[in-house]
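One structure below.
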Amino acid sequence: MVKPGAICSATGYWKAAFCLTDIHKMPYFIRLILFLFCLMVLVESRKPKRKRWTGQVEMPKPSHLYKKNLDMTKIRKGKPQQLLRVDEHDFSMRPAFGGPAIPVGVDVQVESLDSISEVDMDFTMTLYLRHYWKDERLAFSSASNKSMTFDGRLVKKIWVPDVFFVHSKRSFTHDTTTDNIMLRVFPDGHVLYSMRITVTAMCNMDFSHFPLDSQTCSLELESYAYTDEDLMLYWKNGDESLKTDEKISLSQFLIQKFHTTSRLAFYSSTGWYNRLYINFTLRRHIFFFLLQTYFPATLMVMLSWVSFWIDRRAVPARVSLGITTVLTMTTIITGVNASMPRVSYVKAVDIYLWVSFVFVFLSVLEYAAVNYLTTVQERKERKLREKFPGMCGMLHSKTMMLDGSYSESEANSLAGYPRSHILTEEERQDKTVVHLGLSGDANAARKKGLLKGQMGFRIFQNTHAIDKYSRLIFPASYIFFNLIYWSVFS
């Protein structure tokens, strides 16, 4: 049994609580609380003591299991030496101001030819434009750096050539993710200035041979402020200064040639300027227009010829076929002109479409002539049957001439009828005489002379003959037109 005095001497500050009462006389739950409290005091006494903050961070000692080599290039030993003394010079003036013209070389790499617009007469091109010149104010001495490369922020602090695109409609420098501008300075003062640009420029196009045409466009570069006395703009490596991507292609054009030229441009108010040209030749692909324009127009013309084989009495069939082909040709012509600029001269496609339209329209007029002559023929046959009631069946398919005489075959068919009967009928019709002499020499000579003068009228009077000759004349004429057209424009 533990004495109460022992506990009081051990705990000290609980002396007043435990010296008065025996510990065995305490309730069970009080003893449990006392035990837990003593246990908590023991645990707290074993924790390490916190150090007071002194303002210095203690670095943990490196472990022998992981050792990291420090990157000495990222340690800043002091303020770096300023190689380019930009602030010491006035870069608002060109290099060698007051002296000879500063030569500025140019080279271009064409990245893509984005689009060609016939309606707006322009093209869009993306390219890398590079300038080369020497500015001694940017020279620096360095044994380790062969060159220094900067982004577009330094461009605003130094002098750069003021090259612009002549006849450009829109242009911009790409800025994703930052401005696509690079400036490289060499120790001797030579500078390379490169930028990535997309420009939309004007192109004077000639559509007189459209769509069998070739177009030549130019992108022109020139200094805006400096004349040829201050800045000499030139191609750095001649024709080798222009490079293109082999994958450049267009849907409607074949790129035939890229080449460079240069010349002087004169302005009456400012003087002479050096101008550089990027020339390229484009030839249009014809296959698209063959499928969309030429083949449909040709088929419509051929379809109009079908009416020559339709019976002349089938008026609804022939009229509807002719009107359909005419309206279709009108739609084709309207669709082609809608995608073209409104030029004041005739294009090659206009010639083909309008000649095709004329052929279709003539086929409609041909049936109008056939229908009219058929009506006239039936009217004359009806009058003839009234004159000669006994000849109704005999003259069903014959035609009468303008002078009142008949052909030789018709006269032979009348030989079996009494002469007196015929004369009686003629006397009743105001003495109109029909001569039926079949054996005289004078009548034979008269018949031969009439046949020569009346053969042309017989063709037009015989409606079957008009359709028959149209079946040959229309296709032959259209084939002849195509031979001339494709030999001239292709």
Side-chain angles (χ1 to χ4, degrees), residues 110 112-125 166-169 199-220 242 244 248-261 263 277-304 325-326 328-362 474-490:
V110 179
S112 64
L113 194 58
D114 302 325
S115 63
I116 306 291
S117 176
E118 292 89 356
V119 178
D120 299 329
M121 286 193 181
D122 58 23
F123 65 92
T124 302
M125 178 186 294
V166 186
H167 305 308
S168 65
K169 297 181 179 180
V199 56
T200 300
M202 182 181 64
C203 178
N204 294 322
M205 301 182 184
D206 182 15
F207 297 107
S208 58
H209 286 69
F210 177 86
L212 305 170
D213 58 335
S214 296
Q215 303 294 340
T216 300
C217 300
S218 299
L219 183 63
E220 305 172 12
L242 179 61
T244 59
I248 296 179
S249 62
L250 294 171
S251 59
Q252 290 191 27
F253 292 93
L254 174 64
I255 303 176
Q256 290 186 328
K257 184 181 180 181
F258 271 96
H259 65 281
T260 61
T261 55
R263 64 188 66 172
Y277 295 82
I278 302 174
N279 305 309
F280 55 96
T281 304
L282 305 172
R283 183 169 182 82
R284 196 182 306 273
H285 294 299
I286 187 61
F287 187 72
F288 171 80
F289 296 94
L290 288 176
L291 293 179
Q292 299 294 326
T293 304
Y294 287 95
F295 285 165
T298 304
L299 291 178
M300 288 300 104
V301 174
M302 297 174 64
L303 184 61
S304 66
T325 53
V326 169
T328 305
M329 284 301 305
T330 304
T331 303
I332 294 175
I333 294 173
T334 304
V336 172
N337 292 329
S339 59
M340 294 295 299
R342 298 178 180 178
V343 295
S344 59
Y345 50 85
V346 179
K347 303 181 291 292
V349 67
D350 294 336
I351 297 175
Y352 192 90
L353 292 179
W354 280 105
V355 170
S356 300
F357 181 83
V358 169
F359 271 90
V360 171
F361 188 73
L362 287 178
F474 274 74
S477 302
Y478 195 69
I479 291 173
F480 180 71
F481 161 72
N482 275 272
L483 292 177
I484 294 178
Y485 179 86
W486 293 107
S487 61
V488 170
F489 290 103
S490 58

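None of these values were measured; they are calculated from a predicted model. Values below: every heavy atom of this structure, side chains too, minus hydrogens, waters and symmetry copies.
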Flag yes if more than 12 heavy atoms outside Phe480 fall under 6.0 Å of its CZ atom; otherwise flag no.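 No, CZ of Phe480 has 12 or fewer neighbouring heavy atoms, counting only those of other groups under 6.0 Å.
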With rounding to the nearest 0.5 angstrom, report the [atom1] to [atom2] distance, [X] to [Y].
{"X": "Met125", "Y": "Ile248", "atom1": "CE", "atom2": "CD1", "answer": "7.5 Å"}
{"X": "Arg342", "Y": "Asn337", "atom1": "CZ", "atom2": "CG", "answer": "10.0 Å"}
{"X": "Glu220", "Y": "Asn279", "atom1": "CD", "atom2": "CG", "answer": "8.5 Å"}

Taking the six-membered ring of Phe210, is the NZ or CZ of Arg284 close enough (under 6.0 Å from the centre) and on axis enough (within 45°)?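 Relative to the ring axis of Phe210, which defines the angle, Arg284 lies outside at least one limit.
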Determine, stepwise, if the pair Phe357 / Ile332 fulfils side chain to side chain contact (heavy atoms under 4.5 Å, CB included). CA-CA 10 Å; Phe357 181 83; Ile332 294 175; over 6 Å; no
Just by distance, do the side chain of Gln215 and the backbone of Asp206 share a donor-acceptor pair under 3.5 Å? yes
Do the side chain of Tyr478 and the main chain of Ser356 share a donor and acceptor less than 3.5 angstrom apart?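 Pair absent, no side-chain N/O of Tyr478 close to backbone of Ser356.
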Are [X] and [Y] side-chain neighbours, meaning at least one heavy-atom pair lies under 4.5 Å?
{"X": "His285", "Y": "Leu254", "value": "yes"}
{"X": "Phe207", "Y": "Met121", "value": "yes"}
{"X": "Phe361", "Y": "Ser304", "value": "no"}
{"X": "Phe489", "Y": "Asp213", "value": "no"}
{"X": "Thr200", "Y": "Asp120", "value": "no"}
{"X": "Phe280", "Y": "Val110", "value": "no"}

Going by atom type alone, with no hydrogens or angles, which donor-acceptor pairs under 3.5 Å involve a side-chain atom of residues 289-303 and a protein atom two or more places apart or on another chain?
unit_1 : atom_1 : unit_2 : atom_2 : d
Tyr294 : OH     : Tyr485 : OH     : 2.8
Thr298 : OG1    : Tyr294 : O      : 2.8
Thr298 : OG1    : Tyr352 : OH     : 2.7

Please report the closest heavy-atom contact between Met205 and Asp122, naming both atoms and the distance.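 Met205 and Asp122 have their closest heavy atoms at CE-O, 4.2 Å.
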side-chain contact (heavy atoms from CB on, under 4.5 Å) involving Val355 - partner list, sequence neighbours excluded: Ile351, Phe359, Phe481
According to side-chain contact (heavy atoms from CB on, under 4.5 Å), who are the partners of Ser168, at least two apart in sequence or on a separate chain?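 Applying side-chain contact (heavy atoms from CB on, under 4.5 Å) to Ser168 gives Phe165, Val199.
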